[in-house]
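All values reported here derive from a predicted model rather than from experimental measurement. All heavy atoms count here, side chains included; hydrogens, waters and symmetry mates do not. Indexing begins at 1, ligand by ligand and atom by atom, following the structure's order.
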Amino acid sequence: MSTKKLSKEPFLDWVDFIISTEQKVYGVQVHEDKADRFEYAVLQKAEDLRIDYDVTMLPPKKYFQPPVETIVEFGAKDGYKSVYDTEKFALIGVHPYDMAAINQMDKLFSQDNYDTHYMGRRNNATIIACDVVNPSKNVFASSMSTATVKQGFDVLVTDTGDGYVVEAVTDKGQKLLDMAKADEATSKDLDARRSVWKKNEKELNKHALNCKPSDIPKLLEMAYDHPLWEEKAKTCFSCGSCNQVCPTCYCFNVQDSVAWDLTSGNRQREWDGCLLDGFTKVAPGHEFRPKRSSRFRHRLYRKGKYVPGKIDGEIACVGCGRCIDACLPDIANPVTVYNQLLEEFGFNKKTNPQVCLST
Ligand code: SF4
Ligand code: SF4
């Protein structure tokens, strides 16, 4: 595998080349309706690509787990068949925290019940990740150790100011990079990239967590009956926005629809959210998390305790800050909750700035 250095024009030529070869290419662009926001969308030409973006409104999870997808079709005559997306695609501009979230989803969707729909799309994807140039106003990836990423992508692009250092780490990525008109990166270029990483590991931190991420499960173990959940949830709208924008929320609902003449139908799954009223409603009408406070608490426990139990202790919050942007009453910030709990349990920032609950 190789690492190359491209100046601006050859970089744009390379992106145009990718657009001309891949079946479909999605890249980060200015949002269609909101000029000051960014989104992933079909990339028609290289000059639309904005790898200097701060954060996209929705994470790239929508390409691996679409908001609505048909998973099975059935008919009276033909029986049933699973429906799969087989299209190969490239995704350009994935930030490290979103890559970290995709890496977590890969583990979750491939363990226990292997999810052929998610994993099929994942295997069809070529990911061109890029390091952050402009931090968003609520990012806290430095606190969650996701400001840089070392795996999951095929190519990593780092803007070093005078051009782009581009590294291929898989065969798929190398094939693409071979098509770029570029020289091998020099040791000076690699030093410049290391400086970007060092800076981001420190500075993508608009909300500093006052403990190590690995302390969060232990902290939550102590906090299940804490009054904070009631207090915070008082202003919660149960709108589910914090779930929808989160790159690590993957809950879905499954529903069958049958045609009026009862001869055919399909099974679809669509995004769901644990903050929504009815999320836990089961067949006889019983709802086992009817209170907003229990749903509010569940979201934080899922991210800070339950999912880490399934994926080697990794916290299911990558610090993208999207939930903070999305929450109108401003109560969704996980760092605010964790720091408040640390204070309440006597782990004071001034006396003990980096507590370790596990020692
Ligand atoms: S909980 Fe919030 S900050 Fe953490 S990954 Fe989800 S949206 Fe991003
Ligand atoms: S925490 Fe905020 S974004 Fe989440 S459901 Fe409640 S009001 Fe909506």
Chemist: Using a 4.0 Å heavy-atom threshold (strictly under), name the region of Tyr97 that reaches ligand 1: side chain, backbone, both or neither.
Modeler: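 Looking at Tyr97 and ligand 1, no heavy atom falls under 4.0 Å.
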
Chemist: Could you find the nearest protein heavy atom to atom 8 (Fe) of ligand 2 and give me its residue, atom name and distance?
Modeler: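 Ranked first by proximity to atom 8 (Fe) of ligand 2 is Cys239 SG, 2.3 Å.
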
Chemist: Of the backbone atoms (N, CA, C, O) and the side-chain heavy atoms from C-beta on, which set of Met144 has a member under 4.0 Å from an atom of ligand 1: side chain, backbone, both, or neither?
Modeler: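 Answer for Met144: neither.
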
Chemist: Ring of Tyr224, cation from Arg297 - is the NZ or CZ under 6.0 Å from the centre and inside 45° of the axis?
Modeler: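 Yes.
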
Chemist: Which part of Arg299 is near ligand 1, with near meaning a heavy atom under 4.0 Å away: side chain, backbone, both or neither?
Modeler: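 For Arg299, only side-chain atoms sit under 4.0 Å from ligand 1.
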
Chemist: Answer yes or no: is there a donor N or O on one side and an acceptor on the other, between the side chain of Lys137 and the main chain of Asp325, under 3.5 Å?
Modeler: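 Absent.
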
Chemist: Give the residue and atom name of whichever protein heavy atom lies nearest to atom 2 (Fe) of ligand 2, and the separation in Å to one decimal.
Modeler: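 Of every protein heavy atom, Cys327 SG, 2.4 Å lies nearest to atom 2 (Fe) of ligand 2.
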
Chemist: Looking at atom 4 (Fe) of ligand 2, is one of the N, O or S atoms of Cys236 less than 2.8 Å from it?
Modeler: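 So Cys236 does not bind atom 4 (Fe) of ligand 2 by this criterion.
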
Chemist: Which residue owns the protein heavy atom closest to atom 7 (S) of ligand 2, what's the atom, and how far is it?
Modeler: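 In this structure, atom 7 (S) of ligand 2 has Phe237 N, 3.3 Å as its nearest protein heavy atom.
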
Chemist: Look at atom 5 (S) of ligand 1 and say which protein heavy atom is nearest, naming residue and atom and giving the distance to 0.1 Å.
Modeler: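 The answer is Val318 N, 3.3 Å.
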
Chemist: Please find out if atom 6 (Fe) of ligand 1 and some N, O or S atom of Cys320 are separated by less than 2.8 Å.
Modeler: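 So Cys320 does not bind atom 6 (Fe) of ligand 1 by this criterion.
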
Chemist: If the cut-off is 4.0 Å to any non-hydrogen atom of Phe140, which atoms of ligand 1 fall inside it?
Modeler: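 Listed by number with element, the hits are 3 (S).
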
Chemist: Report the nearest protein non-hydrogen atom to atom 3 (S) of ligand 1: residue, atom name, distance rounded to 0.1 Å.
Modeler: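 Minimum-distance protein heavy atom for atom 3 (S) of ligand 1 reads Gly321 N, 3.3 Å.
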
Chemist: Whether the side chain of Tyr63 engages the backbone of Phe89 through a donor-acceptor N/O pair (distance < 3.5 Å, no angle test) should be reported.
Modeler: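 Not a single qualifying donor-acceptor pair exists.
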
Chemist: For Pro329, which part has a heavy atom under 4.0 Å from ligand 2: side chain, backbone, both, or neither?
Modeler: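 The part of Pro329 near ligand 2 is the side chain, not the backbone.
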
Chemist: Centres of the Phe109 and Tyr250 rings: under 6.0 Å?
Modeler: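 Under 6.0 Å, so yes.
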
Chemist: Report the nearest protein non-hydrogen atom to atom 4 (Fe) of ligand 1: residue, atom name, distance rounded to 0.1 Å.
Modeler: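 I find the closest protein heavy atom is Cys317 SG, 2.3 Å.
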
Chemist: May I ask you to decide if the ring planes of Phe11 and Trp14 are parallel, tilted or perpendicular, using 30° and 60° as cut-offs?
Modeler: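 Taking Trp14 first and then Phe11, their aromatic rings sit tilted (interplane angle of 30° to 60°).
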
Chemist: Between Leu328 and ligand 2, which part of the residue brings a heavy atom under 4.0 Å of the ligand: side chain, backbone, both or neither?
Modeler: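 Near ligand 2, Leu328 shows nothing, with every heavy atom at 4.0 Å or more.
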
